[in-house]
Amino acid sequence: MAAGKLKIVVFGSYNAGKSTFIQAVDPEARHVEAPTEDGTTTVALDFGRVVQSNMHVYLFGTPGQEKFEFVRQIICRGMDAAIIIVDCTTGIDSFTRHTYESLKKEKIPVAVMLSKCDMEQACPAMVREELGEEMIFDISSLDRESVRRALAQFVETLISDL
Ligand SMILES: Nc1nc2c(ncn2[C@@H]2O[C@H](COP(=O)(O)OP(=O)(O)OP(=O)(O)O)[C@@H](O)[C@H]2O)c(=O)[nH]1
Ligand SMILES: [Mg+2]
């Protein structure tokens with residue numbers, strides 16, 4: 001992307017909390033969704049933006065359902081970095097593991113955000129151990145501060161590597 005701009009793509013399994021994360025970063029975020037039995041699901045993308053450390057950060061959320069692989073491929077073009085949201089009440093599934101490994105292989109800077117840390121069943125320590133990743137943050141999208149703090153730290157590392 002052009003100087004002063006960062007395109008960050010947000011990945012994660014169905015229901016992991018991608019849309020809620022982007023909404024917490026940017027309350028004016030836009031989102032294309034469809035109704036499901038227990039809420040809504042993203043069918044195209046989420047889009048939110050924020051200015052962080054003088055950078056315009058553009059967040060593109062992907063749909064989590066496997067059948068939307070073609071949408072994820074389109075959204076990924078030109079990404080500078082990636083965030084993977086992992087629901088730490090359920091842990092890492094094969095889709096998340098595959099996404100994580102593919103991004104690492106392509107040398108895309110990745111941060112892992114462990115969502116739903118506010119819930120009783122949350123087990124962030126288990127996911128940390130399983131991934132062995134350093135750029136990993138515990139968040140709750142109900143606590144906007146935790147989300148903004150994690151994103152700010154990630155953006156700082158991206159800027160220092162520019
Ligand atoms: N308690 C709690 N609930 C959360 C958190 N993040 C997301 N949720 C809830 O989890 C559900 C799924 O969140 P979404 O943000 O729609 O998940 P998504 O990853 O965008 O889902 P898809 O687009 O369908 O793949 C919603 O009911 C959210 O309110 C969190 O940090 N804490
Ligand atoms: Mg979504």
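Atoms within each ligand, like the ligands themselves, are counted from 1 in listed order.
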Crowded around [X] [atom1]? As in, over 12 foreign heavy atoms under 6.0 Å?
X	atom1	result
Glu134	CD	no
Arg144	CZ	yes
Gln121	CD	yes

Polar protein atoms near the Mg ion (ligand 2) [N, O or S; cut-off under 2.8 Å]: Ser19 OG, Thr42 OG1

Does anything in residues 152-162 form a side-chain hydrogen bond (donor to acceptor under 3.5 Å, both in side chains)? List the pairs, not counting sequence neighbours. Ser53-Glu156

With sequence neighbours excluded, tell me which residues meet ring-ring contact (aromatic ring centres under 6.0 Å, His included) with Phe68. none

Between Glu69 and Arg72, does a salt bridge (charged side-chain N to carboxylate O under 4.0 Å, His left out) hold up when you go through it step by step? CA-CA 5 Å; Glu69 177 59 26; Arg72 285 188 290 276; 3.1 Å; yes

Pair Leu151-Ile83, side-chain contact (heavy atoms from CB on, under 4.5 Å): steps then yes or no: CA-CA 9 Å; Leu151 180 67; Ile83 288 174; 3.8 Å; yes

Counting only non-hydrogen atoms and a 4.0 Å cut-off, the residues near ligand 1 are Ser13, Tyr14, Asn15, Ala16, Gly17, Lys18, Ser19, Thr20, Thr41, Thr42, Gly64, Lys116, Asp118, Met119, Ser140, Ser141, Leu142

Should Asp80 and Lys7 count as an ion pair when the cut-off is N to O under 4.0 Å? no

Let's go through Asp87 and Ser115 carefully: what are the C-alpha distance in whole Å and the side-chain angles of both, what is the deciding distance for side-chain hydrogen bond (donor to acceptor under 3.5 Å, both in side chains) to 0.1 Å, and is it a yes or a no? CA-CA 5 Å; Asp87 174 345; Ser115 67; 4.9 Å; no

